[in-house]
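Notes follow once the structure below has been shown.
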Amino acid sequence: DLAEITGGRVKGDASAYFEKRQAGFQTLSENVSVDQRIWGVAARVEASTKLSIGARYDDYSDRDGKAKRNGQINAAYWVDEHWKVSAGLDYTLLETPNTTRRGYNGERLDTGARVEYHFDEDRMAYAFGQGTLQRSGDIRRNDRIGAGVEYRMSDKLKVGAELSYGTTGWGGLANIG
């Protein structure tokens, strides 16, 4: 919480993580065959009561030369008590040596926007669009449009659904959280 460390002058949050896994490391969901290094940072700052700005970077690399780097920057603005507009940029780099599968090597820069309508504190609907601005290598485009809804059933339970269409076809999402 940035407010705690700045005496309330800056509102927002920041985080960072680092993992180094050696070949042979295992959990119920992981079986690491080569040494890996994973790290990332993120921050979000409330520039005003209506505007927040965020950024994040995640980095994965392993001893075989495989790498995935992803950086994002975004801004969200409350137009009034019902409408919120967000936009951002997303950069992805994928390096997968010795693969014959398409879509795992290259760079891509995407942009996107989302408009939300908040009926009240518990119900919200949104629409979004995203598109690839630039790419190189054989990484796929990432164009998509869609819409969704969220409903807070209680203080601890929220449900949502989304339908979208884009470069890879139709997509659906249902969540409980």
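- Scanning for side chain to side chain contact (heavy atoms under 4.5 Å, CB included) contacts around S48 gives K50, L51, with sequence neighbours left out.
- The side chain to side chain contact (heavy atoms under 4.5 Å, CB included) search around R101 returns T99, Y104, not counting sequence neighbours.
- When atom types are taken as modelled, the side chain of R108 and the backbone of R140 share a donor-acceptor pair closer than 3.5 angstrom.
- A donor and an acceptor atom, one from each side chain of T92 and D90, are located under 3.5 Å apart.
- Every side chain to side chain contact (heavy atoms under 4.5 Å, CB included) that T111 has, sequence neighbours left out, goes to L89, L133.
- A heavy-atom distance below 4.5 Å is found between the side chains of V34 and D62.
- T167 meets the side chain to side chain contact (heavy atoms under 4.5 Å, CB included) test with R141, D143; sequence neighbours excluded.
- D64 places no side-chain N or O within donor-acceptor distance of the main-chain N or O of K66, the cut-off being under 3.5 Å.
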Sequence neighbours excluded and cut-off under 3.5 Å, please list the side-chain donor-acceptor pairs for residues 146-159, or say none.
from	atom 1	to	atom 2	distance (Å)
S154	OG	K156	N	3.3
S154	OG	L157	N	3.2

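- Y60 shares a hydrophobic cluster with Y17, I38; the chain of contacts runs through ILVMFWY side chains whose heavy atoms sit under 4.5 Å apart.
- When the ring-ring contact (aromatic ring centres under 6.0 Å, His included) test is applied to Y57, the partners found at least two apart in sequence or on another chain are W39.
- Annotation for Q22: atom CD does not count as buried by contact number, only 12 or fewer foreign heavy atoms lying within 6.0 Å.
- In this structure, NZ on K84 lies 6.0 Å from OG on S52, to the nearest 0.5 angstrom.
- Here R9 contributes atom CZ and I5 contributes atom CD1; the two are 10.0 Å apart, rounded to the nearest 0.5 Å.
- Annotation: the span from Q134 atom CD to L109 atom CG amounts to 6.0 Å, rounded to 0.5 Å.
- Inter-residue side-chain proximity for E4 and L2 is flagged as unmet; no heavy-atom pair is nearer than 4.5 Å.
- Taking a 4.5 Å side-chain heavy-atom cut-off between Ile, Leu, Val, Met, Phe, Trp and Tyr, the cluster of I139 extends to L94.
- The ring-ring contact (aromatic ring centres under 6.0 Å, His included) check on Y165 picks up W170, with sequence neighbours excluded.
- Heavy atoms only, all atoms of each residue included: K20 and F18 are closest at CB-CE2, 3.9 Å.
- Put simply, CG on N74 and OG on S86 are 7.0 Å apart, with the number rounded to the nearest 0.5 Å.
- Panel note: side chain N31, backbone Q26; no donor-acceptor pair is recorded below 3.5 Å.
- Using a 4.0 Å cut-off between charged nitrogen and carboxylate oxygen, E30 and R21 count as a salt-bridge pair.
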Could you please spell out the steps behind the side-chain contact (heavy atoms from CB on, under 4.5 Å) verdict for W83 and Y117? CA-CA 5 Å; W83 291 98; Y117 183 79; 3.3 Å; yes
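- Not a single side-chain hydrogen bond (donor to acceptor under 3.5 Å, both in side chains) links S136 to another residue, sequence neighbours left out.
- Going from atom CG of D138 over to atom CG of N105 covers 5.5 Å, rounded to the nearest 0.5 Å.
- The pair R37-D59 meets the salt-bridge criterion, since a charged nitrogen lies less than 4.0 angstrom from a carboxylate oxygen.
- The line from OG of S33 to CZ of F25 is 13.0 Å long, rounded to the nearest 0.5 Å.
- Crowding of L173 atom CG: a count of heavy atoms from other residues, nucleotides or ligands under 6.0 Å exceeding 12.
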Worked verdict on L93 versus Y91 for side-chain contact (heavy atoms from CB on, under 4.5 Å): CA-CA 7 Å; L93 168 73; Y91 170 78; 3.7 Å; yes
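- Side-chain contact check for R69 and S61: no donor-acceptor pair (N or O, by modelled atom type) lies under 3.5 Å.
- Legend: residues meeting side-chain hydrogen bond (donor to acceptor under 3.5 Å, both in side chains) with R56, ordered by chain and number and at least two apart, are D58.
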Pair up each side-chain donor or acceptor in residues 118-132 with any protein partner under 3.5 Å, not counting sequence neighbours, and list the distances.
from	atom 1	to	atom 2	distance (Å)
H118	NE2	E116	OE1	2.8
D120	OD1	D122	N	2.8
D120	OD1	R123	N	2.9
D120	OD2	R123	NE	3.1
D120	OD2	R123	NH2	3.1
Y126	OH	E162	OE1	2.6
Q130	NE2	N142	O	3.3
Q130	NE2	N142	OD1	3.2
T132	OG1	D110	OD1	2.8
T132	OG1	N142	N	2.7

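- No more than 12 heavy-atom neighbours from other residues, nucleotides or ligands sit within 6.0 angstrom of CG on N98.
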